[in-house]
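Each residue takes its place number in the sequence, starting with 1. Whatever order the structure lists them in is the order used to number ligands and atoms, beginning at 1. All values reported here derive from a predicted model rather than from experimental measurement. The figures that follow rest on heavy atoms only: side chains count, while hydrogens, waters and symmetry mates do not.
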Amino acid sequence: MKIVHFSAECYPFAKAGGLGDVVGALPKYLNQIGHQTSVLLPYYARIELSENERSLCFSTSVTLENNEFTASVYKVTDEDIGFPLFLVSVEGLTDRPNIYGYEDDAKRFVAFQRVGLQFLMAQDDLPDVVHVHDHHTGLIPFMMTQCPEFEKLKDIPTLLSIHNAQYQGSFPHEWGGLLPEFPETHVGLLDWDGMINPLATAIKTAWRVTTVSPTYMEELQQHANGLEGLLSHEAQKCTGILNGIDTETWNPKTDPFLEANYGVSTFAKARKINKTKLCNAHNLDPEVPLFGFIGRLVWEKGADVLVQALEEALNKWEFNVILLGSGDPALEERFKNLSEWYQGKVGAYIGYKESMSHEVYAGADFLLMPSRVEPCGLNQLYSFRYGCMPIVRKTGGLKDTVVDINDGGLGVTHEETESGQIVSAIERALQFFPKQTAFRKKQKEMMQTDHSWEHAAKKYASLYHELIKPESNEQ
Ligand code: ADP
Ligand code: GLC
């Protein structure tokens with residue numbers, strides 16, 4: 001089967017969070033089971049993309065609100081990442097260093113989607129399935145079925161994966177000129193609450209919808225930042241498929257970012273070396289239990305409540321904390337303040353640092369994830385793989401993957417993103433930590449848990465098969 005993914009992120013070239021990890025891995029695993037999967041990514045002006053060799057494979061232009069933009073598609077040729085990667089460049093729009101955060105993001109992503117579709121139209125061999133991810137690529141199923149410009153693609157099945165329904169990419173109808181021509185009477189497909197809402201549009205127009213965990217699928221029908229009614233209405237075409245992890249990239253045996261590599265029989269000694277290095281870098285005592293946090297500093301991750309809980313817990317018990325994150329400036333400030341007030345107990349790095357995230361999974365004893373919303377969550381799966389015990393709020397994918405130690409599981413869970421509950425979870429972790437034999441046994445089990453993409457890739461492949469089946473039956 002020939003599958004094309006459209007995404008705003010793809011590891012190792014452009015990653016802001018888990019979306020990048022998923023799109024950098026799923027295509028590779030699909031190809032390993034015999035499919036031909038490629039990825040289309042905007043050509044950002046990022047260092048990770050500047051050093052690659054690439055060949056020009058398509059040149060065009062795109063007219064957005066009466067302005068013409070020069071556009072090209074390049075294929076990355078020098079790196080074997082397990083799938084063909086195509087970079088979609090729109091001059092003046094995609095060529096910026098950051099993935100998100102510009103005033104004209106709506107225009108940037110519409111341009112990416114339109115040029116990507118033009119590129120597909122120019123191929124002799126059309127894909128069997130087009131797979132789009134989140135709102136940044138959510139207008140593709142609409143354009144493929146409604147816009148005469150893309151008539152040739154209208155019968156190709158489309159699949160939308162919702163990684164995060166908090167972000168929907170809405171923009172006013174006045175910007176409708178960003179889109180190619182479509183029948184005016186079908187404008188309702190674009191609309192949600194008086195705005196053009198790319199995520200809602202994709203839910204309405206994609207052939208199938210997946211969410212990144214089964215529990216998140218259920219939760220979305222109750223709370224989806226205004227889209228719950230739509231998701232309940234479309235429930236019959238929605239499925240929850242839990243993400244996997246790339247066990248090649250995330251492998252403590254070979255991870256180039258680690259001071260000491262390790263496997264299940266050598267983890268205790270090696271993790272101690274990694275912990276010592278991490279602690280020394282942040283002026284923390286490596287003999288004390290170490291709790292980590294890694295994440296985007298946004299409301300969904302519960303970082304605000306975490307700071308409150310940590311203050312209370314640090315005043316009561318002996319433990320250290322390492323914080324890695326960036327995002328909301330007010331939350332960044334609170335992280336910084338915490339590390340200044342609790343010098344020698346709290347270390348913080350404000351920013352995005354891939355290498356440090358690996359060091360934290362491989363050196364911290366526990367990883368805190370008090371998320372209010374967590375569609376899947378990959379951090380807890382990386383934590384398992386590296387033998388670091390996750391402490392999670394039971395929501396979304398965290399609920400689907402982490403069972404409490406009191407129930408024979410491998411993590412500490414709490415019901416709500418609430419300071420008192422986080423403090424109690426920390427207390428339970430601290431009580432368990434000194435039971436070294438039991439703790440090591442859990443670490444070993446964590447490292448042996450199989451969350452590889454191999455399983456999830458098969459689930460996606462059977463969904464794709466279901467979508468193309470009617471046509472293959474006709475043949
Ligand atoms: P989300 O996609 O909501 O951010 P996930 O748990 O799915 O959450 O994935 C987060 C990914 O981003 C993980 O690979 C995590 O290690 C990484 N990450 C998040 N923040 C940072 C950071 N500040 N520096 C390095 N890696 C980070
Ligand atoms: C989103 C979600 C996260 C999920 C990731 C990958 O960013 O917030 O929970 O793991 O996408 O699907």
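Of all the heavy atoms of Lys15, the ones lying under 4.0 Å from any atom of ligand 1 belong exclusively to the side chain. Residue Glu300 does not touch ligand 1, judged by heavy-atom distances below 4.0 Å. With a heavy-atom cut-off of 4.0 Å, Tyr11 does not touch ligand 1 at all.
Of the protein's heavy atoms, Gly18 N, 2.6 Å lies nearest to atom 2 (O) of ligand 1. In this structure, atom 22 (C) of ligand 1 lies nearest to the protein heavy atom Tyr352 CD1, 3.5 Å. Looking at atom 23 (N) of ligand 1, its nearest protein heavy atom turns out to be Gly351 O, 2.9 Å. Given atom 24 (N) of ligand 1, the protein heavy atom at minimum distance is Lys353 N, 3.0 Å. Among protein heavy atoms, atom 10 (C) of ligand 1 sits closest to Asn379 OD1, 3.4 Å. For atom 5 (P) of ligand 1, the closest non-hydrogen atom on the protein side is Leu378 N, 3.6 Å. Scanning the protein for heavy atoms near atom 16 (O) of ligand 1, the closest one is Tyr361 OH, 2.8 Å. Summary of contacts: the protein heavy atom closest to atom 8 (O) of ligand 1 is Lys301 NZ, 3.1 Å.
Residues Ile156 and Val129 fail the side-chain proximity criterion, which asks for heavy atoms closer than 4.5 Å. Between Arg385 and Met447 there is no side-chain heavy-atom pair separated by less than 4.5 Å.
Gln380 does not count as a contact of ligand 1, since none of its heavy atoms falls under 4.0 Å from the ligand. Within the 4.0 Å heavy-atom shell around ligand 1 one does not find Ala16. Residue Tyr349 places every heavy atom at 4.0 Å or more from ligand 1. Assignment of Gly325 to the shell around ligand 1 is supported, since a heavy atom sits closer than 4.0 Å.
Ligand-side atoms of ligand 1 in range of Tyr382: 13 (C), 14 (O), range being under 4.0 angstrom from any heavy atom. The distance from ligand 1 to the heavy atoms of Gly295 drops below 4.0 Å at these ligand atoms: 19 (C), 20 (N). Using a 4.0 Å cut-off to heavy atoms of Ile294, the atoms of ligand 1 that qualify are 16 (O), 18 (N), 19 (C), 20 (N), 21 (C), 27 (C). Heavy-atom contacts of Asp21 reach the following atoms of ligand 1: 11 (C), 13 (C), 14 (O) (cutoff under 4.0 Å).
Annotation for Lys107: atom NZ counts as buried by contact number, over 12 foreign heavy atoms lying within 6.0 Å.
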What does the contact table look like for ligand 2 (nitrogen or oxygen on each side, cut-off under 3.5 Å)?
unit_1   : atom_1 : unit_2 : atom_2 : d
ligand 2 : 8 (O)  : Asn164 : ND2    : 3.3
ligand 2 : 9 (O)  : Glu374 : OE2    : 2.5
ligand 2 : 9 (O)  : Pro375 : N      : 3.3
ligand 2 : 9 (O)  : Cys376 : N      : 3.0
ligand 2 : 9 (O)  : Gly377 : N      : 2.9
ligand 2 : 10 (O) : Gly377 : N      : 2.8
ligand 2 : 12 (O) : His163 : ND1    : 2.7
ligand 2 : 12 (O) : Asn243 : ND2    : 2.8

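Residue Phe384 forms a side chain to side chain contact (heavy atoms under 4.5 Å, CB included) with just one option from Leu367, Leu410, Ile245, and that option is Leu410. Residue His136 forms a ring pair (Phe, Tyr, Trp, His ring centres under 6.0 Å) with just one option from Tyr167, Phe112, Tyr100, and that option is Tyr100.
For ligand 1, the polar-atom distance check against Trp250 finds no nitrogen or oxygen pair separated by under 3.5 Å.
Taking the charged nitrogens against the carboxylate oxygens, Arg393 and Glu418 have no contact shorter than 4.0 Å, which rules out a salt bridge. In this structure, Arg372 pairs ionically with Asp304, as a charged nitrogen and a carboxylate oxygen lie closer than 4.0 Å. Classification of Lys204 and Glu234 as a salt-bridged pair fails, no side-chain N sitting under 4.0 Å from a carboxylate O. Electrostatic pairing of Glu248 and Lys28 counts as a salt bridge here, judged by a charged N lying under 4.0 Å from a carboxylate O. The pair Lys275-Asp365 counts as a salt bridge, with a side-chain nitrogen and a carboxylate oxygen less than 4.0 angstrom apart.
Within the cation-pi definition used here (under 6.0 Å to the ring centroid, within 45° of the axis), Lys353 qualifies as a partner of Tyr349. Arg96 forms a cation-pi arrangement with Tyr102, by the criterion of a distance under 6.0 Å to the ring centre and an angle within 45° of the ring axis.
Ring centers of His358 and Tyr382: at least 6.0 Å apart, outside the cut-off. The distance between the ring centers of Tyr44 and Phe13 does not fall below 6.0 angstrom.
Side chain of Glu333 to backbone of Pro329: no donor-acceptor contact under 3.5 angstrom is found.
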What do the steps show when you test Lys15 against Glu354 for salt bridge (charged side-chain N to carboxylate O under 4.0 Å, His left out), and what is the final call? CA-CA 9 Å; Lys15 166 176 166 182; Glu354 189 71 26; 3.3 Å; yes
